[in-house]
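These numbers come from the heavy atoms of this one structure, side chains and all, not from hydrogens, waters or symmetry mates. The shown structure was predicted, so the numbers you read here are calculated from the model rather than taken from an experiment.
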Amino acid sequence: MRIKSRRSAGDVFVGLGALLILALLVAGVPFALLRLAGPPISPELLDLDLITSQVGMSTVVALLILLVWLAWLQLVVCVIVEVYAGVRRVGMPARVPLSGGTQAVANRLVSAALLLFTASAIVFPIVKANSGPPASSAAVASALAAPVAEEERPALAPVKKAKKVYVVQPPHGRHHESLWEIADKCLGDGRRYGEIYRLNQHKQQPDGTKLQMADLIRPGWVLDMPDDAINVHIVSGDEPRSTTLDRNPGKPAELDGETDHLTGASGPKAEAEEVAPASAAGEGIRQEPAEEPELKDYIVEYTADADEASAVPAVRDGGEASAAPAVQDGGEGMNPRGDADRTVEIQRELSELQRVDRDLPPAEPEAPGSGTRLEPLDYLAGASLAAAGLLVVLGRRRREQMWHRAFGRRIARPREEAAEAETALRLGADAPGSRMLDIGLRVLGRELAARGHTPPTVYAAHLSAASLDLWIHPPQQDAPEPWSAHDNGQVWRLPALDGRMLDERTAADAAAPYPGLVSIGTDGRGRVLVDLEAAQGLIAIHGPQTTAALAALAVELATNRWSDRMRITLVGFGEELVAIAPERIKCVSSISQVLPEFEARSGEIVGDQVLTGRVLSRAAEPANPPHYLLSAIAPTDEEAARLALLARVGGRSATGYVIAGDLPHATWTWEITAEGLTRIDALGFEVDAQLLPRRDYNALVELFQTARRLDGEPMEIEPLPATPIPTRAPEIEVRLLGPIQIEGPGPLEEGRTALAHELVVYLSTHPGGVHPVVLGGILWPRGVHADVRDASIARVADWLGTDGKGRPHLYTDDSGRLRLGPEVRTDWSLFRELVRRADSDPPARANLLERALSLVRGPLMASRPKGRYAWLAADDLEYNVIAGVADAAHRLFEVRLAANQPVAAVAAVRAGLLLAADDEALWRDLLRGTYATGDATRLRAVADALHRRAASHPYGGGMSPETESLIDELLPSWQVPQFPSSPSAPAAQEDAG
């Protein structure tokens, strides 16, 4: 239909006025400025003495004139942009920087002036900063091409926009919801709480109040949520908050527990009903909600890291799929694959990738009543502080294994559930949190000692991603920096940012003031710890999972870094835990065996003397080292009476008693429920318990038993192909012997690099192929939806592309396994090929080994992202690479030393130490090679560096006796320097001294 011109007299009058104003602004203003004020840059501004001389009134006037000229120039640019957009119909005008109001005025004037020349000229208005997302270009084009409705037709009913909201829940016990917790539950990351705060700031809530502070929300508030939120309610965009609250009183966000994990929609019919445009007859009708689409009816748009997904229903018409525009992140990300052909292509790719899953046999159903089987990952990864301590102790055991590693062998590797346990520890370890707890408490004790203040009693602590809170008694307002007092002095808080920036040197040699802090579980926002000494009496623990809770307490106490010297006596359990920390743990079979020792210690140091003595002492020689008793055996009446007398000392002591059973004189009573909760009525706590059940306990014990094997094992490396690997540069090279680098493919969008690199690294180090389901479990150990997994694989395949012969670098073989093509090679495989050639070609051995060692750039896969590559714990790669590089460096060292080339021999050893820094045999080679150079000064420097490294190694343990003996042999005049012990060194290292 031709659009008829309907220019009225008013339009002509307004257009002439706008045209006149534009002419005056564009031409009249510069004319007046030139006549009255002069050019933009006056002679005063050209004077170089202006920078140093005193500014006069003439200079100020010249500057004001220049500003007026610049404002006029800005207006002219805005007019040009608006005229171009209106005449050429390019759509939304380009934004002129720093011209919000000026461009808006120019937009109105140009729009009115263009009405004089054409009625169909369109000038799009400027979108305000607080307006909703702009319509897609496809929607605008459809609107322009649509026929104009007749005037007698009724107006179309407006379309109601849906929005996502969250109803803040009433407190559960003493636990109140926070924006951090809501962001963690609904957005998958607590650090996104700021998005929720900005969406709701200063908006009136049903109770009449407004959100003013991010850490102050109230039950019953209705919070607007981002578009990618899950576990939320979906309501009409104009529904009042009070109505939403009335419709969902006291309901959790899950809406009867039915939440679509892809869309974030809640309930069986989560889609908000919308009022559709008029039918062909022109009547506004209400569109009935369609049947809930199945999973296959969704087109998935993936976020940057491909770990989350949002889905949009696919509109099907006669079997053809057309993509509905998917609005993400506030509507900014319209689906870039909006055409139907691309949508069909995506669905075809996903279907092909899912074919393998359909061919798998169905999982066997669990036995009725068996409940969900929890893997070691669920318990060990959840004990984040204990996991951090266990990894430190495990690292020390691995160092000792490296001391005894023989040439051609590797250290013993854990298998099966022991390997799963290490994977879980790597995934769950919170080393930064453990460090903050350690350094923060030591700094606190040192500052209080400097002020001459008695440290307060800390009966509990809460460690979260936001802060470390200490609940103290009695309340005190004068918390030393960087701590601050809150809740009338009842809480001392160390913000996470300040805590993690603390330098360990600020607490050098400061003793640990609260070694009895130990985790009891998590509350959804963080980890809750209690101080065993703060009970000042017996702690009774009972319930069906008592032993599992006691084992978890023992493991964390024995490996934590916020204590200096500690003794733990276990009664009736934990004999195998002695292997983890023999310097701390002792096991007995009955309480009566240890009562005399505790009775002899009772009353020696009581009250404020305990904490005061600790903060005034040194970490190397701490005052009042604690002794804790954990018993899984209930005491007899006589033993209970003696324990009650022991605990009733009238104040704090350096002891703690956690005894199984119902004790009549217990100060605190812990209940460990069958559902896995810890309840402490005296403190008002109810948290998810930290447990170490029997299966996880056994896996952990097996892991450390393997780490104590000193004989090692043969290297199990997949044999190289019979055809020699070409040494020319491949099309794609995966570099692992140092920082991870993948050379060859083009750039990858930010946010997806880490996952793509890990996928390629895993496939390149497993040339036999990996099934997609297995790969999903490797890359997403906590689980992932099949669509997310398959789309991630497809994206990496697109990124890698094809080789020179048109073959894809990433493909699926006939068995359904994913493989990398022949033009993808790792530097590790090239390293092995060069070493193999060196074995078969003695004349060229030295040169080939040098070429192999030149590939080493640093530690294996250095700087890999936290939380990724946990599969290395259950894989041969790390063990084989370290042993292989060390052996190659040692062989080249021997060759060069036999050829009387000590300098080249030293260079070979240093190349190996870049990756195998903990191999003491290489350090001994370095000492021998340096000695062969005849440079006594350099030899002394190497010996000093070795001792400094041994004293400050994060895993502790010093150096091997063989290395010390070699130093004494080669450098008899050398004396061991005294290095101060680090206050944050692992407790196992200090106790072993």
- Can you tell me if Arg864 uses its side chain to pair, donor with acceptor, with the backbone of Met861 under 3.5 Å? yes

Quiz prompt | Test item: Tyr931 and Leu971 side chains (from C-beta on) under 4.5 Å apart, heavy atoms | solution = no

Item to complete: State, yes or no, whether a side-chain contact exists between Leu425 and Leu700 at a heavy-atom distance under 4.5 Å.
Response: yes

Closest non-hydrogen contact found for Ala421 with Ala699 is CB-CB, 4.0 Å

So with a 6.0 Å cut-off around CZ of Arg851, is the heavy-atom count from everything else above 12?
no

- For the side chain of Glu731 and the backbone of Gly804, is there at least one donor-acceptor N/O pair under 3.5 Å apart? yes

Would the distance check show the side chain of Glu758 and the main-chain N or O of Leu779 forming a donor-acceptor pair, the cut-off being under 3.5 Å? no

| task | Run the numbers on Asp887 and Arg405 for side-chain contact (heavy atoms from CB on, under 4.5 Å), then give the verdict. | result | CA-CA 10 Å; Asp887 286 350; Arg405 188 188 71 85; 3.0 Å; yes

query: Just by modelled atom types, is the Val760 backbone N or O under 3.5 Å from a matching donor or acceptor in the Ser764 side chain?
result: yes

Heavy-atom closest pair (Asp875 atom, His766 atom, distance to 0.1 Å) is OD2-NE2, 2.6 Å

Here the pair of heavy atoms bringing Tyr869 nearest to Ala754 is OH-O, 4.5 Å

### Message
Can you tell whether the side chains of Glu894 and Arg928 come within less than 4.0 Å, N to carboxylate O?
### Response
yes

_Are Arg735 and Thr826 packed together at the side-chain level, in the sense that at least one heavy-atom pair is separated by less than 4.5 angstrom?_
no

Within the distance-only criterion (no hydrogens, no angle test), does the side chain of Arg924 pair as donor or acceptor with the backbone N or O of Leu966 below 3.5 angstrom? no

N/O donor-acceptor pair under 3.5 Å between Arg561 side chain and Thr559 backbone: no

Is there a donor-acceptor contact under 3.5 Å from the side chain of Arg819 to the main chain of Pro767?
yes

Q.
Within the supplied structure, the quantity of interest is the number of heavy atoms (other residues, nucleotides, ligands) at a distance under 6.0 Å from Arg938 CZ; does it exceed 12?
A. no

(request) Check whether any side-chain heavy atom of Leu853 lies under 4.5 Å from a side-chain heavy atom of Phe831, and answer yes or no. (result) yes

Between the CZ atom in Arg817 and the CG atom in Leu775, the distance rounded to the nearest 0.5 Å is 12.0 Å

Query raised in the report: Where does the angle between the aromatic ring planes of Trp871 and Tyr762 fall among parallel (under 30°), tilted (30 to 60°) and perpendicular (over 60°)?
Result: perpendicular

**OP:** Would you tell me whether Asp935 and Thr933 have side-chain atoms, one donor and one acceptor, within less than 3.5 Å of each other?
**Re:** no

Are any of the side-chain heavy atoms of Trp828 and Leu877 separated by less than 4.5 Å?
yes

ask   = Does atom OH of Tyr811 have more than 12 heavy-atom neighbours, drawn from other residues, nucleotides or ligands, at distances under 6.0 Å?
value = yes

Taken to the nearest 0.5 Å, the spacing of Thr423 OG1 from Leu872 CG works out to 9.0 Å

Taken to the nearest 0.5 Å, the spacing of Leu759 CG from Ser792 OG works out to 8.0 Å

Looking only at atom types and distance, does a side-chain atom of Arg435 sit under 3.5 Å from a main-chain N or O of Asp430, one as donor and one as acceptor? no

Exactly one candidate in Arg398, Arg949, Gln401 meets side chain to side chain donor-acceptor pair (under 3.5 Å) with Asp918; the answer is Arg949

Is Glu850 salt-bridged to Arg896, going by a charged N under 4.0 Å from an acidic O? yes

Carboxylate-amine/guanidinium proximity below 4.0 Å for Glu920 and Arg399 | yes

Closest heavy-atom pair, Pro781 versus Ile778, reported as atoms and distance to 0.1 Å, is CD-O, 3.7 Å

Hey, are the side chains of Val773 and Arg789 touching, using non-hydrogen atoms and a 4.5 Å cut-off? yes

### Query
Do Glu878 and Arg426 pass the salt bridge (Lys or Arg N to Asp or Glu O under 4.0 Å) test, and can you show the C-alpha distance, the side-chain angles, and the key distance before you say yes or no?
CA-CA 14 Å; Glu878 190 170 19; Arg426 294 193 184 193; 3.3 Å; yes

Arg891 bridged to Asp839 by N-O distance under 4.0 Å: yes

**Message:** Under a 3.5 Å distance rule, please check whether Asp438 uses its side chain to pair with a backbone N or O of Ser434 as donor and acceptor.
**Reply:** no

Using 4.0 Å as the upper bound for N to carboxylate O, is an ion pair formed by Arg410 and Glu713? yes

For Ala429 and Ala387 the tightest heavy-atom approach is CA-CB, 3.8 Å

Side chain Thr930, main chain Leu926, donor-acceptor under 3.5 Å
yes

>> Please determine whether the number of non-hydrogen atoms from other residues, nucleotides or ligands lying under 6.0 Å from atom CZ of Arg409 exceeds 12.
In response: yes

Exercise. Is any side-chain heavy atom of Thr802 closer than 4.5 Å to a side-chain heavy atom of His809?
Worked result: no

Between Leu922 and Ala916, the two heavy atoms sitting closest are CD1-O, 4.0 Å

*Between Lys805 and Asp803, is the closest basic N to carboxylate O distance under 4.0 Å?*
no

*Would you check if Leu703 and Glu417 make a side-chain contact, meaning some heavy-atom pair closer than 4.5 Å?*
no

